[in-house]
K.L.:
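After the structure tokens below, expect a handful of questions from me.
Throughout, residue positions are numbered sequentially from 1 according to the sequence presented.
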Amino acid sequence: MLGGIPQIIGHDKLNQLRHVKFLHDGKGLAEHMAKHAAILRPKFELVDRKLSEGLSEIGGCTWSKPRGGYFVSFNAPAGCAKRIVELAKDAGVTMTGAGATWPYKQDPIDSNIRIAPSLPPVEELDAALDVFVCCVKLAYAEKLLKD
């Protein structure tokens, strides 16, 4: 629900008409998406910079560098994703659940975390990424001590 109004995905002709009236044509759509890109680009650049600077020494960390979309796919060292999300939550940072990109949320190697940088303001995202990087390091250190 959005504002008390039930929302559905379907062939809602009135909603399609609203989009046409707002965007007008392909050029209007391209201009609107360029505005989105201008808002989102700094956030995705921040994610890449923070992960690169903070996790370069942690083996097994990789992440996508999307040129569109709304998510970064982060792969932690095997066996660490659930613990990273748990540590982040304990520190006040809510992440998408570990393995959310897998069917039934069952990541067979407990590695994948989807980062959604589009919503928070850049300042909050910056602080959240510092926490996230710390949680990755801590979860990795705990795993090394167990192994």
K.L.:
Does anything in residues 52-68 form a salt bridge (charged side-chain N to carboxylate O under 4.0 Å, His left out)? List the pairs, not counting sequence neighbours.
P.N.:
D48-K65, R49-E53, E57-K137
K.L.:
Could you pull out all residues at least two apart from L14 that satisfy side-chain contact (heavy atoms from CB on, under 4.5 Å)?
P.N.:
D12, R18
K.L.:
Could you give all pairs that pass the salt bridge (charged side-chain N to carboxylate O under 4.0 Å, His left out) test and reach residues 78-101, with sequence neighbours left out?
P.N.:
R83-E86, R83-E142
K.L.:
Kindly write out the residues that satisfy side-chain contact (heavy atoms from CB on, under 4.5 Å) with K146, not counting sequence neighbours, or none if the list is empty.
P.N.:
none
K.L.:
Under the side-chain hydrogen bond (donor to acceptor under 3.5 Å, both in side chains) definition, can you give me all pairs with a residue in residues 115-126, not counting sequence neighbours?
P.N.:
K50-D126
K.L.:
Indicate, with yes or no, if I58 and I109 share a hydrophobic cluster defined by side-chain heavy-atom contacts under 4.5 Å among Ile, Leu, Val, Met, Phe, Trp and Tyr.
P.N.:
no
K.L.:
When you group the ILVMFWY residues by side-chain heavy-atom contacts below 4.5 Å and let the links chain together, are I39 and L119 in the same group?
P.N.:
no
K.L.:
Please step through side-chain contact (heavy atoms from CB on, under 4.5 Å) for the pair C61 and L51, ending with a clear verdict.
P.N.:
CA-CA 9 Å; C61 290; L51 296 180; over 6 Å; no
K.L.:
What about M33 and F71, same hydrophobic cluster or not, with Ile/Leu/Val/Met/Phe/Trp/Tyr joined at side-chain heavy-atom distances under 4.5 Å?
P.N.:
yes
K.L.:
So which pairs with a foot in residues 123-147 pass ring pair (Phe, Tyr, Trp, His ring centres under 6.0 Å), sequence neighbours left out?
P.N.:
F74-F132
K.L.:
For P117, run the side chain to side chain contact (heavy atoms under 4.5 Å, CB included) check against L129, V47, V122, L40 and tell me which one passes.
P.N.:
V47
K.L.:
Minimum heavy-atom separation for G59 and P77, please, with both atom names.
P.N.:
O-CG, 3.3 Å
K.L.:
Output every pair passing salt bridge (charged side-chain N to carboxylate O under 4.0 Å, His left out) with a member in residues 33-44, not counting sequence neighbours, ordered by first then second residue.
P.N.:
none
K.L.:
Using the test side-chain contact (heavy atoms from CB on, under 4.5 Å), find all partners of T62 that sit at least two apart in sequence or belong to another chain.
P.N.:
N75
K.L.:
Among residues two or more places apart or on two chains, list those pairs meeting ring pair (Phe, Tyr, Trp, His ring centres under 6.0 Å) that have a residue in residues 29-69.
P.N.:
F22-H32, H32-H36
K.L.:
Measure across A76 and A81 and return the closest heavy-atom pair with its distance rounded to 0.1 Å.
P.N.:
CB-N, 4.5 Å
K.L.:
By the rule that ILVMFWY residues connect when side-chain heavy atoms come within less than 4.5 angstrom, directly or transitively, which residues belong alongside L87?
P.N.:
L138
K.L.:
Got a list of side-chain donor-acceptor pairs under 3.5 Å for residues 93-102, not counting sequence neighbours?
P.N.:
unit_1 : atom_1 : unit_2 : atom_2 : d
T96    : OG1    : R114   : O      : 3.2
T101   : OG1    : N112   : OD1    : 2.7

